[in-house]
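Labels below follow one simple rule: chain letters A, B, ... track the order of the sequence lines, proteins then strands, and each chain is numbered from 1.
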Protein chains: 2
Amino acid sequence: MEPPAPQRRVTIVDVARHAQVSTTAVSKVLRNAYGASPEMRTKVRRAIDELGYRPNAAARGLRGQTYTIGVMLPDIRNPFFPEILDGITGHLADTDYQVFLGPGGRNDEQAEARVTDAMIDRGMDGIILIAPVSSRARLEHIASAVPAVVVGRHGHSTVYDTVTDDDVAGAAMLVGHLVDLGHSRIAHIEHHESDPTRIAEMPNAQRAEGYRRAMRSLGLAEEIDIVSTSYTQQGGYEGATQLLARPRRPTAVFAGADIVAMGVLEALAEAGLSVPGDISVAGYDNTTFASFGPISLTSVDQAGREIGGNAARLLLERIADRRKAPVQVKLSPTLVPRRTTAPPPL
Amino acid sequence: MEPPAPQRRVTIVDVARHAQVSTTAVSKVLRNAYGASPEMRTKVRRAIDELGYRPNAAARGLRGQTYTIGVMLPDIRNPFFPEILDGITGHLADTDYQVFLGPGGRNDEQAEARVTDAMIDRGMDGIILIAPVSSRARLEHIASAVPAVVVGRHGHSTVYDTVTDDDVAGAAMLVGHLVDLGHSRIAHIEHHESDPTRIAEMPNAQRAEGYRRAMRSLGLAEEIDIVSTSYTQQGGYEGATQLLARPRRPTAVFAGADIVAMGVLEALAEAGLSVPGDISVAGYDNTTFASFGPISLTSVDQAGREIGGNAARLLLERIADRRKAPVQVKLSPTLVPRRTTAPPPL
DNA sequence: GCGATTTTGGGTAACGTTTCCCATCGGGTG
DNA sequence: CACCCGATGGGAAACGTTACCCAAAATCGC
């Protein structure tokens with residue numbers, strides 16, 4: 001008794017033999033290439049179905065395309081990514097491309113390098129980098145090896161396309177909202193960024209800049225008050241603690257990200273302050289939990305699906321023509337007022 | 001002026017020439033295979049570094065391994081997955097394997113099939129399926145094509161290993177906790193499952209079963225009250241609405257998942273009921289937002305990292321020996337009491 | 001009708017690795 | 001000193017697909 005033979009996979013040769021044609025013909029049919037008559041097509045397709053043939057991606061990759069798109073995701077916990085991903089997969093659903101996600105590590109350039117290298121090694125046809133923290137040079141290096149689209153990094157490049165949300169405008173909208181409610185002492189918690197090559201490109205910097213500009217243009221330059229921590233719950237907690245220690249406490253806190261706002265809410269609750277009665281709080285990203293009843297956080301919604309859809313579209317265009325001129329798409333966020341913002345106490 | 005040649009990638013042949021050895025020798029060094037002297041190894045490694053050579057995964061895949069592990073993720077929004085993923089990547093960090101995530105679709109067997117087929121087409125060395133909804137037959141089919149580990153499906157198989165959390169025990173712990181607080185009218189919101197081939201295998205069914213058994217063994221068989229909706233926020237909202245319409249309202253609601261509990265909290269808030277003053281609420285999964293200050297949801301923590309770590313370990317073992325006997329690992333959850341549960345109103 | 005052109009189909013050489021061999025070389029054994 | 005053996009290195013054939021050709025047949029233009 002032999003062990004059951006590990007059943008060799010059906011190859012293009014098997015299909016060719018079964019359909020009584022050449023492998024070239026089968027290949028042409030598979031790729032909808034020129035040079036196959038309608039009868040040939042139906043004959044081959046029938047053989048494919050009968051044998052349950054599926055092309056071997058490795059063999060294809062050796063010759064060129066792998067029909068695979070890589071999406072680098074630095075932090076899978078960021079609840080904002082699913083929206084982008086939906087946009088990407090939605091756009092790619094009708095194509096032959098398959099999307100795979102490469103998990104990076106939070107703020108970890110090395111992990112990003114590892115993942116992107118792995119994608120390149122695997123001959124992926126294109127890469128979408130979501131909010132990468134890698135240096136500009138590194139991004140250009142990647143893009144020179146494979147068609148790439150960068151999401152969430154402001155700043156132009158000659159080799160890759162970018163899709164961003166207008167963070168400056170979003171921050172300004174939020175400040176406007178708070179001012180309309182009657183606030184003037186509005187503080188901001190930002191993510192600390194030290195690397196000079198990245199500084200202006202990162203969304204956190206843009207949000208802080210949008211905050212500054214809006215405050216100035218609304219005549220509140222004197223009230224500008226920024227605390228630098230990080231875009232984490234912990235960062236929000238610490239930031240709020242610092243703000244509460246101010247002699248003149250702010251009446252509203254604009255946290256640079258929803259997760260930061262969570263930390264702020266926690267600190268305020270511990271301090272016995274009510275939201276929005278004593279102090280208003282707003283986040284950014286409109287993540288899933290922002291809408292949860294007990295939280296109901298005022299936030300700014302980035303058009304996640306559109307970001308993803310645009311990224312996918314640009315990538316396909318770049319795959320089709322690697323030397324096309326790079327495009328920058330900037331989308332507009334929308335304000336989502338909820339129950340954590342209200343007029344300041346009298 | 002030529003356009004800059006698209007700079008051919010460095011191949012094993014280039015390395016061999018540069019080191020003045022055969023490609024065979026380079027290959028041996030790369031794979032730490034037998035038949036290369038120490039001097040040969042250093043010489044080749046130097047050439048690899050100098051040229052910045054990286055092996056082409058497609059070519060490797062054509063001959064055998066791709067050093068790629070696929071993780072199928074049906075719902076990227078489920079905030080419980082990152083823990084599992086951390087466990088997986090942590091376990092695989094020191095190996096040559098690279099992890100890629102394949103996004104499925106919520107409760108979408110077809111999407112799962114598409115992703116898993118794509119993984120097989122790409123010659124991935126092994127696949128981890130997280131909480132798949134596919135039929136048993138389909139899972140066995142996958143596992144017969146490639147080493148596979150299934151996470152979150154109870155029920156044994158002869159071809160794949162499984163890693164699960166003891167959902168029956170987790171549900172029982174939660175019921176015990178509520179009973180200890182003094183509750184007896186404890187209702188449960190479950191995810192409706194109709195497919196008979198899956199029914200006993202799915203975690204939702206196990207949680208409901210754990211609830212039933214615990215209620216019975218605590219002498220509360222009469223009080224068993226299950227509402228069947230779905231594991232979504234909407235499902236929680238609807239479930240709670242149904243429960244509030246009961247003539248004898250429950251004093252505690254055990255939602256089958258944290259996200260369900262969010263819907264419950266929303267419905268209760270709308271009904272003007274306070275939590276936990278009027279009614280206690282508990283979830284399951286201990287997702288990130290459960291710990292947020294304003295929510296502070298009592299939940300059950302699955303040992304996510306351990307689940308992932310075990311899955312990765314079992315997969316590597318199975319890759320090493322495809323005919324080893326299948327293993328079932330069942331881990332124990334822990335209760336995380338927070339502020340949404342308290343003694344019932346008098 | 002006849003040369004020119006288009007359509008149709010296939011042969012075959014890559015692509016970059018791995019793996020199965022075999023050849024060579026030193027040195028130990030009888 | 002003949003023989004054998006282990007260690008070391010390399011030649012060459014796959015792996016499954018695509019793309020560049022070329023040949024034959026069918027169609028077209030006049």
Note to self: To the nearest 10°, give me the bend of the helix from dG1(C)-dC30(D) to dG30(C)-dC1(D), comparing the axes of its five terminal pairs at either end.
What the structure shows: 30°
Next item on the list: Give the nucleotide from the list dG9(D), dA19(D), dT18(C) with an atom nearest to the side chain of I12(B).
Entry: dT18(C)
Check: Are D165(B) and K330(B) close enough for a salt bridge, meaning some N to O gap below 4.0 Å?
Finding: no
Next item on the list: Send over the distance from R17(B) CZ to dG16(C) P, rounded to a whole Å.
Entry: 12 Å
Next item on the list: Indicate the atoms forming the closest heavy-atom contact of V133(A) with M202(A), along with that distance.
Entry: CG1-CE, 4.2 Å
Note to self: Classify T24(A) by what it touches in the nucleic acid, base, sugar-phosphate, or nothing, heavy-atom distance under 4.0 Å.
What the structure shows: base
Check: Is the phosphate of dT18(D), meaning OP1 or OP2, less than 4.0 Å from a side-chain N or O of S27(A)?
Finding: yes
Next item on the list: Can you tell me the distance, in whole Å, between the CZ atom of R122(B) and the C1' atom of dC15(D)?
Entry: 18 Å
Notebook entry, point to check: Do the side-chain N and O atoms of S27(A) and R31(A) include a donor-acceptor pair separated by under 3.5 angstrom?
Noted result: yes
Note to self: For a quick check under 3.5 Å, do E109(A) and S134(A) share a side-chain donor-acceptor pair by atom type?
What the structure shows: no
Note to self: When you measure from the side-chain N and O atoms of S22(A) to the phosphate of dG10(C), is any distance below 4.0 Å, counting only OP1 and OP2?
What the structure shows: yes
Item checked: No-hydrogen, no-angle side-chain donor-acceptor test under 3.5 Å, Q328(B) and T164(B) -> no
Notebook entry, point to check: Reading nucleotides 21-28 of chain C 5' to 3', which nucleotides get B (base under 4.0 Å from a protein heavy atom), which S (sugar-phosphate only), which -?
Noted result: --------
Note to self: If I take atom OH in residue Y34(B) and atom P in nucleotide dG10(D), what distance separates them, rounded to the nearest angstrom?
What the structure shows: 15 Å
Margin query: So which atom in H91(A) and which in A312(A) form the shortest heavy-atom distance, rounded to 0.1 Å?
Written below: CB-CB, 3.7 Å
Check: According to a strict under-4.0 Å criterion, is T23(A) in side-chain N/O contact with OP1 or OP2 of dG11(C)?
Finding: no
Note to self: Mind checking if V21(A) touches a base, just sugar-phosphate, or nothing, with heavy atoms under 4.0 Å?
What the structure shows: sugar-phosphate
Check: Between R122(A) and T68(B), does any side-chain donor sit less than 3.5 Å from a side-chain acceptor?
Finding: yes
Next item on the list: Could you tell me the separation between the CG atom of D121(B) and the C1' atom of dG16(D), rounded to a whole number of Å?
Entry: 13 Å
Notebook entry, point to check: Is there side-chain contact between I307(A) and E83(A), with heavy atoms separated by less than 4.5 Å?
Noted result: no
Margin query: What I'd like to find out is whether the side chain of D321(B) reaches to under 4.5 Å of the side chain of E317(B), using heavy atoms alone.
Written below: no
Next item on the list: Would you mind telling me which of dG10(C), dT17(C), dT18(D) lies closest to the side-chain atoms of A25(A)?
Entry: dG10(C)
Note to self: Within residues 44-70 of chain A, which residues have any heavy atom lying less than 4.0 Å from an atom of DNA chain C?
What the structure shows: L62(A), R63(A)
Next item on the list: Considering only NZ, NE, NH1 and NH2 on the basic side and carboxylate oxygens on the acidic side, decide whether D117(A) and R138(A) come within less than 4.0 Å.
Entry: yes
Notebook entry, point to check: Hey, is R17(B) close enough to D14(B) for a salt bridge, meaning N to O under 4.0 Å?
Noted result: yes
Notebook entry, point to check: Expressed in angstrom and rounded to an integer, what is the separation of N32(B) atom CG from dT18(C) atom C1'?
Noted result: 15 Å
Checklist line | Side chain proximity check, Y97(B) to L315(B), heavy atoms < 4.5 angstrom | finding: no
